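Labels below follow one simple rule: chain letters A, B, ... track the order of the sequence lines, proteins then strands, and each chain is numbered from 1. All of these numbers come straight from a predicted model, not from anything done at the bench.
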There are 2 protein chains.
Amino acid sequence: MNSPPKDEQMLAIAAVERDTGLSKDTLRVWERRYGFPCPVRDDNGDRLYPFDQVDKLRLIRRLLDQGNRPARVVGASLEELANLLDLADLGKTTAGAQSSVIDVAAFLESVRLHRCIELRASLQQMLLKQGLQRFAADTLCLLNAEIGQAWMRGELDVPEEHLYTEQVQNVLRTAIGSHANISGRPRLLLTTFPDELHGLGLLMVEAMLVPEGATCVSLGIQTPIQDIASAAVAGEFDIVALSFSGAFPVRQAIDGLKDLHRLLPAGIELWAGGAAVQGKHKRLEQVRIIDSLDDAVAALLEWRANHKG
Amino acid sequence: MNSPPKDEQMLAIAAVERDTGLSKDTLRVWERRYGFPCPVRDDNGDRLYPFDQVDKLRLIRRLLDQGNRPARVVGASLEELANLLDLADLGKTTAGAQSSVIDVAAFLESVRLHRCIELRASLQQMLLKQGLQRFAADTLCLLNAEIGQAWMRGELDVPEEHLYTEQVQNVLRTAIGSHANISGRPRLLLTTFPDELHGLGLLMVEAMLVPEGATCVSLGIQTPIQDIASAAVAGEFDIVALSFSGAFPVRQAIDGLKDLHRLLPAGIELWAGGAAVQGKHKRLEQVRIIDSLDDAVAALLEWRANHKG
DNA sequence: TCAACAGTTTGTCCAAGACAAAATGAACTC
DNA sequence: GAGTTCATTTTGTCTTGGACAAACTGTTGA
């Protein structure tokens with residue numbers, strides 16, 4: 001009843017759903033409406049997607065996450081490549097303009113080639129050189145952006161991103177653990193909404209605030225809103241902080257934050273950071289929007305100023 | 001185009017899919033075949049599942065994971081409860097018979113009430129008392145089993161399990177990090193197969209082996225088989241170790257391990273541990289089956305005996 | 001600059017049928 | 001007994017084409 005793609009060099013629809021994040025319904029309706037993808041069929045009439053079409057679907061998914069509309073991108077490969085290259089090159093040059101303490105190209109190559117040990121060693125070295133906060137706010141921020149762009153250019157795949165995430169997590173958790181502190185104020189509860197799978201942002205915030213003497217507790221990713229509220233009350237937290245990746249639907253983020261604010265008692269502040277909530281200050285007046293990792297520290301100092309004595 | 005369940009106290013089919021892990025197709029076909037669930041319909045004819053039915057579905061899901069068959073459990077609630085209680089009570093008493101250094105009931109209560117700080121503190125305390133290896137092999141093993149049974153009894157839900165996992169991860173990664181070592185032999189690559197979501201086993205193995213001087217690199221969960229092989233070669237690993245939870249299909253585990261063994265060069269050993277591969281020594285002669293966390297250390301010593309000089 | 005409106009796009013859901021992979025159980029062998 | 005082989009049932013996934021509401025677009029008017 002599983003659909004192992006073993007037969008040939010093609011993937012069944014369930015595998016494509018997993019690999020691309022596009023639902024089976026969406027894949028079928030695109031085929032009907034736009035004529036792409038156009039999978040072959042096996043003996044049973046089931047769709048089999050050739051690898052190159054799956055690659056193209058992954059590319060399309062990225063462009064959609066970037067804000068493009070399906071009618072525009074589910075078309076000719078040449079135009080897409082043009083759009084893609086425009087955006088990617090733009091990102092590339094701006095990032096390349098920043099000087100940095102790290103050889104980004106060499107680092108990306110380590111990720112691409114699965115050189116796990118090298119990867120861990122260079123992260124560890126940068127951490128020692130810069131200290132936890134600068135490491136998170138500068139180096140990891142830069143690396144995340146670079147990894148994202150490499151992914152956008154199709155140079156990296158899911159397992160490479162997993163490898164990177166895993167090694168960064170190891171380094172960060174270890175470093176954060178050595179600052180451990182279970183009595184400092186404020187006490188922050190960190191987590192993400194149910195549809196958000198990206199949890200690195202939580203650890204990076206923790207890396208910024210724990211050295212400042214705050215107490216951070218992470219619930220991990222994908223916590224239902226009601227559970228966030230009940231955990232915040234039960235744990236007597238001062239602040240609930242949410243993280244949103246760029247892929248998270250803006251509307252869902254805003255509605256969810258408003259709902260959560262309604263569920264939280266007056267004494268508990270609500271913070272939100274990440275690409276999906278940038279510049280949404282006006283629409284979220286009850287929520288402290290965190291613009292950057294350094295801004296998280298600023299927000300912490302504000303809280304202390306408001307709660308001293 | 002999302003399906004927010006906001007309207008009433010019921011959930012749309014997509015929300016039920018997310019909450020129960022049962023696919024939309026499965027939910028619809030159960031309704032057709034077994035007459036349960038029997039959701040009401042909104043103005044548009046879309047299914048709306050009352051909360052109590054979703055709860056029952058969650059319960060059914062647990063029973064299925066336990067090995068029950070749908071035809072048996074997608075029936076009357078009374079029978080299910082009977083089955084459930086039988087199994088749970090059995091587990092409870094056997095586990096309760098073991099003496100331990102930790103007040104399991106109090107610990108579970110902390111998880112249930114989201115007392116994150118308390119949770120972390122007691123884990124930390126046990127770690128200091130026992131040392132990393134005994135903490136992992138004894139205490140965490142016991143706690144995992146207890147959490148699993150509490151989940152089975154319906155006392156815990158997804159977010160509580162997340163909370164537990166997150167705190168254990170924090171404590172373990174921190175402790176492992178302090179043993180850090182990037183030159184010791186053997187070098188192990190740790191990961192899971194694509195359909196395996198449970199990654200705590202990997203960390204626990206790491207906790208056993210790193211203090212013995214081994215070098216462990218985790219790729220995280222859900223790595224495609226081909227990527228495991230290429231990462232193992234690229235990183236010059238001595239051993240690839242896989243972890244399988246009890247929910248993982250046995251057949252898929254065995255086939256996947258055989259495939260992976262074929263892809264690995266002769267010099268790289270393949271280890272597998274976890275509930276799904278227990279007692280499968282005969283069917284997997286090329287694979288070193290790890291029966292317990294202590295057995296992982298034994299396997300390590302065997303490897304060293306075979307590679308000394 | 002913002003709000004309200006109409007028009008289009010787009011993802012999700014529905015129905016009932018079909019089928020292959022998995023589980024079961026019976027018959028058989030070592 | 002333990003392990004194979006085979007036929008039978010169970011069970012999850014995939015199929016089709018139609019339908020519709022939420023989200024997005026772009027226009028109008030204050």
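Residue contacts shown for B:Arg33 include a base, since a base heavy atom lies under 4.0 Å away.
Under 4.0 angstrom from either OP1 or OP2 of C:dA23 there lies no side-chain N or O belonging to B:Arg69. When the side-chain nitrogen and oxygen atoms of A:Arg72 are compared with OP1 and OP2 of D:dC24, none of them lie within a distance under 4.0 Å. Phosphate contact (OP1/OP2 of D:dT10, side-chain N/O of B:Tyr34, threshold under 4.0 Å): absent. For B:Arg47 and C:dC13, the shortest distance from a side-chain N or O to OP1 or OP2 is not below 4.0 Å.
Residues B:Ile289 and B:Asp295 come closest through the heavy atom pair O-OD2, 3.4 Å. What you find for B:Ile290 and B:Ala299 is that their closest heavy atoms are CD1-CB, 3.8 Å. When all heavy atoms are compared, the tightest approach of B:Val287 to B:Trp271 is CG1-C, 4.1 Å.
Residues A:Glu155 and A:Glu160 have side chains not in contact (no heavy-atom distance under 4.5 Å, counting atoms from C-beta outward).
Between the axis at the start and the axis at the end of the helix from C:dT1-D:dA30 to C:dC30-D:dG1 there is an angle of 50°, using five pairs per end and rounding to 10 degrees.
Of all nucleotides listed (D:dT16, D:dG12, C:dC13), C:dC13 comes nearest to the side chain of B:Asp46. Minimum atom distance to the side chain of A:Ile13 is reached by D:dT15, of the listed D:dT15, D:dG12, C:dT10.
Annotation: proximity of residues 20-32 of chain B to DNA chain C (heavy atom, distance under 4.0 Å) is found for B:Lys24, B:Arg28, B:Arg32, numbered in ascending order.
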Next item on the list: Could you check B:Ile221 against B:His198 for side chain to side chain contact (heavy atoms under 4.5 Å, CB included), going step by step and ending with a plain yes or no?
Entry: CA-CA 7 Å; B:Ile221 58 177; B:His198 204 294; over 6 Å; no
Check: Does the pair B:Asp19 and B:Arg61 meet the rule for a salt bridge (charged side-chain N to carboxylate O under 4.0 Å, His left out), with working shown?
Finding: CA-CA 11 Å; B:Asp19 279 19; B:Arg61 174 66 143 98; over 6 Å; no
Next item on the list: Any chance you could lay out the salt bridge (charged side-chain N to carboxylate O under 4.0 Å, His left out) test for A:Lys24 and B:Glu17, step after step, and finish with the verdict?
Entry: CA-CA 14 Å; A:Lys24 293 170 194 143; B:Glu17 177 180 42; over 6 Å; no
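Ranked by how close their nearest DNA chain C nucleotide is to the 5' end, A:Asn44 and B:Gly45 are led by B:Gly45.
The nearest whole Å value for the distance from the CG atom in A:Asn68 to the P atom in C:dT10 is 11 Å. If you take CD of B:Glu17 and P of D:dG12, they are 14 Å apart, rounded to a whole angstrom. In this entry the distance linking CG of B:Asp42 with C1' of C:dT12 reads 12 Å, nearest Å. Between the CG atom of A:Asp43 and the P atom of D:dT15 there is a distance of 14 Å, given to the nearest Å. A straight line from CG of B:Leu48 to C1' of C:dC13 spans 12 Å, rounded to a whole angstrom.
Note that CZ of B:Arg47 is 11.5 Å distant from SG of B:Cys38, once rounded to the nearest 0.5 Å. In this structure, B:Glu146 CD and B:Tyr164 OH are separated by 10.0 Å, a value rounded to the nearest 0.5 Å.
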